[in-house]
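Written out below as structure tokens is the structure these notes cover.
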Protein chains: 2
Amino acid sequence: MKNLKNAPAGEKTALIGNAALLVQDYPRVPLTVDCVIFGFEENKLKVLLIRSDLEVYKGKWSLLGDVVHENEDLDDAAYRVLQERTGMTNVYLKQVHTFSSPHRHPGGRVVTVAYASLLNIKHHELCITENELHWHNVRTVRDMAFDHREIIDTCYNWLQKSIQEHPLGFNLLPEKFSLRELQNLYEAILNVELDRRNFRKKFFSMDFLIDTGEFEEDVKHRPGKLYRFDFAKYEKSKRKWIGIDF
Amino acid sequence: MKNLKNAPAGEKTALIGNAALLVQDYPRVPLTVDCVIFGFEENKLKVLLIRSDLEVYKGKWSLLGDVVHENEDLDDAAYRVLQERTGMTNVYLKQVHTFSSPHRHPGGRVVTVAYASLLNIKHHELCITENELHWHNVRTVRDMAFDHREIIDTCYNWLQKSIQEHPLGFNLLPEKFSLRELQNLYEAILNVELDRRNFRKKFFSMDFLIDTGEFEEDVKHRPGKLYRFDFAKYEKSKRKWIGIDF
DNA sequence: AATTAAATATGTAATTTCTACACATTGTTT
DNA sequence: AAACAATGTGTAGAAATTACATATTTAATT
């Protein structure tokens with residue numbers, strides 16, 4: 001945050017009185033946000049993409065992004081993109097990483113801040129009709145514009161790590177869900193198979209699941225119990241976790 | 001990464017042929033990097049700070065930072081700052097978070113990307129004489145310029161989490177270290193007291209410590225064995241860790 | 001109505017990891 | 001030689017993880 005040009009080493013340098021003048025001379029770069037919007041449907045982790053509108057990326061898929069406005073906080077910009085594209089507010093949104101490779105954008109230097117957001121596909125109407133807005137399989141989607149495949153990979157890694165430490169996954173499920181749905185979610189995101197019995201044991205022992213007394217409907221087998229996640233209890237209990245392990 | 005002004009909804013929009021023209025119209029912001037340089041000495045976690053050279057922050061402490069140059073990658077910028085200030089290269093450096101509050105800089109909007117870096121104070125001569133460059137206690141240092149206290153907090157949280165999952169701590173120690181030094185490091189960073197016997201057991205069971213056959217010198221008690229960390233073995237063994245827990 | 005199929009629901013034993021603690025060893029200092 | 005201080009090691013109980021089997025409930029089938 002500081003740099004004194006032409007300040008001879010060792011010489012006592014005067015303080016800078018006018019900070020605005022200093023900043024005026026700083027190089028400026030175009031700054032954007034890109035949202036990696038994760039959803040969950042048909043037991044697959046999905047990501048929301050749109051067709052690129054750049055000629056050089058014709059036919060390729062692109063994240064939902066936009067330029068950051070003057071004096072706009074990055075979080076605000078990300079929420080704005082989300083609101084504009086999905087109509088949703090109050091969803092989970094998290095800054096993950098900033099990408100700055102000088103040639104990542106064919107139009108010249110553009111730095112972008114990647115946000116991950118998780119939302120329940122069912123709660124969501126793809127109301128915006130411009131371009132083609134689609135859910136894609138996170139692991140298999142190819143033909144991405146820019147460095148967006150790399151951005152998705154980074155955010156997907158972040159997601160895999162985070163859902164093991166925080167109850168983020170519930171943002172991808174309906175408010176009431178069966179244990180099978182929960183397990184499917186974890187298996188899809190972590191890309192592993194888990195033992196059903198141990199999975200249930202683990203979640204019940206954490207004691208954040210509330211039995212709603214209701215059952216699944218419209219399933220062609222024995223309906224499972226529906227649960228809600230007790231966010232209030234979780235918030236109160238947040239424990240500090242010490243466990244060196246690598 | 002895309003936004004079409006004045007595109008009537010539903011209307012088929014033409015592809016953009018000239019990406020450079022598009023980017024030309026993007027708003028631009030001053031972009032800096034700030035390095036949170038952690039060190040370890042006298043069993044305390046330290047952070048390297050310099051006096052702010054802004055009049056409004058007279059007497060306050062500031063992180064080591066600089067503007068990002070044209071077409072410069074952020075990682076490169078952070079390494080450059082580190083090199084310029086400490087003369088060190090090949091040290092651990094990691095992007096942690098980007099801070100963008102519109103009024104975080106008194107000179108106007110400046111977005112900064114925070115990097116954390118860990119280095120061994122002994123390997124390091126504070127050769128740069130301009131301003132006052134000092135190591136400060138991470139948890140107690142106050143009177144910080146800008147939002148640098150918040151940036152340090154964020155990076156410190158990142159560090160606490162990371163040293164439990166990755167062998168980063170060894171970058172803060174001499175190449176050969178005693179188990180007591182290692183434990184002191186963990187206790188200082190995590191701000192807890194650990195059981196000596198269980199700590200040793202844990203590290204030995206991970207099996208990444210190489211007994212050098214050498215012993216501490218110049219200690220006024222029974223010298224402890226000196227170990228090295230087996231980075232090569234660690235790299236080969238990186239295990240994928242599945243453990244849902246919150 | 002009885003049978004089959006499929007998924008839910010639950011229990012238990014063996015293993016591993018974590019935790020709390022006690023004692024012997026080695027080198028320094030008095 | 002004795003006292004001291006820190007290193008080095010072991011063990012028993014608790015807790016968490018893992019692997020695996022059987023009963024239950026509902027829908028679909030005969």
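Each chain gets a letter, A, B and so on, in the order its sequence line appears, and its residues count up from 1.
- Contact annotation for A:R196: base contact, defined as any heavy-atom pair under 4.0 Å involving a base atom.
- No donor-acceptor contact under 3.5 Å links the side chain of A:R222 to the base of D:dT26.
- With rounding to the nearest 0.5 angstrom, the CD atom of A:E214 is 13.0 Å from the OG atom of A:S178.
- A straight line from NZ of A:K220 to P of D:dA28 spans 9 Å, rounded to a whole angstrom.
- With A:R200 contributing its side chain and A:D195 its backbone, the two residues share no donor-acceptor pair below 3.5 Å.
- One interatomic measurement links the two molecules: CZ of A:R200 to C1' of D:dA23, which rounds to 13 Å at whole-angstrom precision.
- In this structure, B:S205 and B:D195 both approach DNA chain C, and ranking their closest nucleotides by distance from the 5' end singles out B:S205.
- Residue contacts for A:K225: at a heavy-atom cut-off of 4.0 Å it reaches the sugar-phosphate backbone alone, with no base atom in range.
- Ionic pairing of A:E216 and A:R222 is not present here: no N-O contact between side-chain nitrogen and carboxylate oxygen is shorter than 4.0 angstrom.
- Note: NZ (B:K201) to P (C:dT16) measures 16 Å, nearest angstrom.
- Within 4.0 Å of A:K202, counting heavy atoms only, lie sugar-phosphate atoms of the nucleic acid but no base atom.
- Residue A:R197 has no polar side-chain atom (N or O) positioned under 4.0 Å from OP1 or OP2 of C:dA9.
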